[in-house]
Visitor: 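To start, I am sharing the structure in question, which I have written as structure tokens.
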Number of protein chains: 2
Amino acid sequence: MTKSAKSLLPKVPQVPGTNRRAQFSASTKRALVEVAEQLFTEHGYSGTSLDAIVSGADVTKGALYHHFSGKQALFEAVFERVEDAASRHITKAIRGERDPWQKSIQGLRAFMEVVRRPEYRRVVIQDGPAVLGYERYREQEERSTFANVLDIVQSVLEAGHWELDKEMTETFTRIFFGAMGAAGESVATSADPVAAGARVETAIGFILAGLRALVDAGVELDGLPRTED
Amino acid sequence: MTKSAKSLLPKVPQVPGTNRRAQFSASTKRALVEVAEQLFTEHGYSGTSLDAIVSGADVTKGALYHHFSGKQALFEAVFERVEDAASRHITKAIRGERDPWQKSIQGLRAFMEVVRRPEYRRVVIQDGPAVLGYERYREQEERSTFANVLDIVQSVLEAGHWELDKEMTETFTRIFFGAMGAAGESVATSADPVAAGARVETAIGFILAGLRALVDAGVELDGLPRTED
DNA sequence: GGTATCGCCATACCGGCGGTACGTACTCAA
DNA sequence: TTGAGTACGTACCGCCGGTATGGCGATACC
């Protein structure tokens, strides 16, 4: 009564070579991450105790500290899991789209869907920067969702035959990434997400239309308006 | 030796009616906020203990809990202080500017300066959402920096003679606010902030030029491109 | 002018939480 | 069979946010 059986054991005798311990180990690790994801989403990082996590996963702190160096490392694993799922969702949505403008809208819509997931909002957007720190937070973004936005921005920029160096492309991407994040947040927190989503599409579409107008006019990047003071 | 004198006392005899106790009280409260701002900036919210704060302010926890309901309330006071300073800086920068496009650039530059302050980056951007929670975080933004961006966006939209309802204007503002935040972050974390700032100005200026092109072309908001699927 | 009251703050203490030290059962290779 | 290493469980520590309580000086009131 004091301690429940850990889990259902696979009854089949394993082929020698793939040892069973490793399988059990992987399953407890997965259980920890899944329970942690749920609790972090529900109560936030600081609002979730390690005792609650290990209790939910039916293990003890010894197991947790065997697989992870600490609470932050466990959060990081959850973070990567959520980010990966989001990234795959967006990648799938824009795959095969050739027209850069269409690609932008499709990517935007996919991102809108992602940002409505509670685990993404809480783990990635809200707690991510504070827990991981900003530099580590950006490293993680860099190789997931950010890469999708970079892909889209590049195709748009190429449509304008603007040859930009790496830094300039990244600057554009960061700006659009921030814009989409804010847009997503406004949708996610809205009382009427559908209407809010429509407004965001209109607004982003409008900005894209402006860029398109510059493309059609054959505007050079050097010729953009500067402030003289 | 165990306890230092709290502070220099104002020697002047006070005018009756403004009691001295209230002055001392206000000064210790100010001291707490100032020390907390410094420590929160340096070590983050969770990395700063109340003991460190009260020790730095030469008071005890009793004083802290007399003025604030807890650690989060103290953070909130610091947050408001930093946000207010930022907001005033931007307001000052765009005051008197009539041309909406000039206003945008000026506001952008001012925001770039703000986002380079360590206290703003750490307290507002990094720790703010996690500590205050997102809804409270946005409430705070709403009546400070966000109001500045709203002002700028409104003047730009008016330049295009686009009459938008409140929600649509706010959507635009949120998007630009997010874009500027990301832009600022890319500048602040850059190894060469000056060059990064120039790139941001180029990119934002380019986007604004696109909107300007739509204005000059007399494009209606209804007529913006939609995706048909 | 004594005294009750209240604001301002110090001291001592508690419970919870992240982290650690150490023991143990089990597996696998030699 | 046995030594080594993996995968945990158990007990415990130190810190930190929060609370309870009391003292002390200023103010208000009679």
Side-chain angles (χ1 to χ4, degrees), chain A residues 2-7 9-10 13-33 35-36 39-40 43-76 127 130-131, chain B residues 2-7 9-10 13-33 35-36 39-40 43-76 127 130-131:
Chain A
T2 60
K3 191 108 299 217
S4 65
K6 183 159 316 147
S7 206
L9 314 181
Q14 296 308 124
V15 265
T18 71
N19 55 5
R20 296 153 47 201
R21 302 243 318 183
Q23 294 199 352
F24 290 142
S25 173
S27 86
T28 58
K29 188 171 183 177
R30 259 192 32 243
L32 279 170
V33 173
V35 171
L39 292 180
F40 283 155
H43 306 110
Y45 178 77
S46 66
T48 304
S49 72
L50 293 185
D51 286 328
I53 294 174
V54 297
S55 160
D58 264 324
V59 292
T60 62
K61 282 167 75 167
L64 195 155
Y65 274 89
H66 175 72
H67 289 287
F68 302 96
S69 63
K71 191 183 185 184
Q72 177 165 343
L74 176 57
F75 178 85
E76 216 154 328
D127 285 341
V131 176
Chain B
T2 61
K3 193 111 301 222
S4 65
K6 184 155 314 142
S7 207
L9 314 182
Q14 294 310 121
V15 263
T18 71
N19 54 4
R20 295 150 50 198
R21 304 241 321 183
Q23 294 200 352
F24 289 143
S25 172
S27 85
T28 60
K29 188 170 182 178
R30 260 192 30 242
L32 279 170
V33 173
V35 171
L39 292 180
F40 283 155
H43 307 110
Y45 178 77
S46 67
T48 303
S49 71
L50 293 185
D51 286 328
I53 294 174
V54 299
S55 160
D58 263 324
V59 291
T60 62
K61 282 167 75 168
L64 195 156
Y65 274 90
H66 175 74
H67 289 288
F68 302 96
S69 63
K71 192 183 184 184
Q72 177 164 342
L74 176 58
F75 178 85
E76 216 153 324
D127 285 341
V131 176

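Protein chains get the first letters and strands the later ones, always in sequence-line order, with residue 1 at the start of each.
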Visitor: Should B:Thr28 be listed as having a side-chain N or O under 4.0 Å from OP1 or OP2 of C:dC9?
Guide: yes
Visitor: Between atom CG in B:Leu32 and atom P in C:dA10, what is the gap in whole Å?
Guide: 9 Å
Visitor: Using whole Å, what does the distance between atom P of nucleotide D:dC8 and atom CZ of A:Arg30 come to?
Guide: 13 Å
Visitor: Rounding to a whole Å, what distance do you find between A:Leu64:CG and C:dT20:C1'?
Guide: 13 Å
Visitor: Using a cut-off of 4.0 Å on non-hydrogen atoms, how would the nucleic acid contact of A:Ser46 be classed: base, sugar-phosphate, or nothing?
Guide: nothing
Visitor: Anything under 3.5 Å between a protein N or O and an N or O of nucleotides 18-20 of chain D, put it in a table, one pair a line.
Guide:
| residue | atom | partner | partner atom | Å |
| --- | --- | --- | --- | --- |
| D:dG18 | OP2 | B:Tyr65 | OH | 2.8 |
| D:dG18 | OP2 | B:Lys71 | N | 3.1 |
| D:dG18 | O5' | B:Tyr65 | OH | 3.3 |
| D:dG18 | N7 | B:Lys61 | NZ | 2.9 |
| D:dG18 | O6 | B:Lys61 | NZ | 2.6 |

Visitor: To the nearest angstrom, how far is A:Phe68 atom CZ from C:dT20 atom P?
Guide: 16 Å
Visitor: To the nearest Å, how far apart are B:Leu74 CG and D:dC16 C1'?
Guide: 15 Å
Visitor: A:His43: which residues meet the side chain to side chain contact (heavy atoms under 4.5 Å, CB included) condition with it, sequence neighbours left out?
Guide: A:Leu39, A:Thr48
Visitor: Side chains of B:Val59 and B:Leu64, heavy atoms from C-beta outward: is any pair under 4.5 Å?
Guide: no
Visitor: With A:Ala130, which residues qualify under side chain to side chain contact (heavy atoms under 4.5 Å, CB included), at least two apart?
Guide: B:Asp127, B:Ala130
Visitor: Provide, to the nearest angstrom, the distance between the NE2 atom belonging to A:His43 and the P atom belonging to C:dC17.
Guide: 12 Å
Visitor: In terms of side-chain heavy atoms of A:His66, which of D:dC16, C:dA10, D:dC8 is nearest?
Guide: D:dC8
Visitor: I need the full list of salt bridge (charged side-chain N to carboxylate O under 4.0 Å, His left out) pairs touching residues 24-33 of chain B, with sequence neighbours left out, sorted by first then second residue.
Guide: B:Arg30-B:Glu34
Visitor: Mind checking side chain to side chain contact (heavy atoms under 4.5 Å, CB included) for B:Ser49 and listing every partner two or more places apart, or none if nothing turns up?
Guide: B:Asp51, B:Ala52
Visitor: Check the distance between C:dG19's P and A:Ile53's CD1 and give it to me in whole angstrom.
Guide: 11 Å
Visitor: Which pairs pass side chain to side chain donor-acceptor pair (under 3.5 Å) with one or both residues in residues 61-73 of chain A, sequence neighbours excluded?
Guide: A:Thr28-A:His67
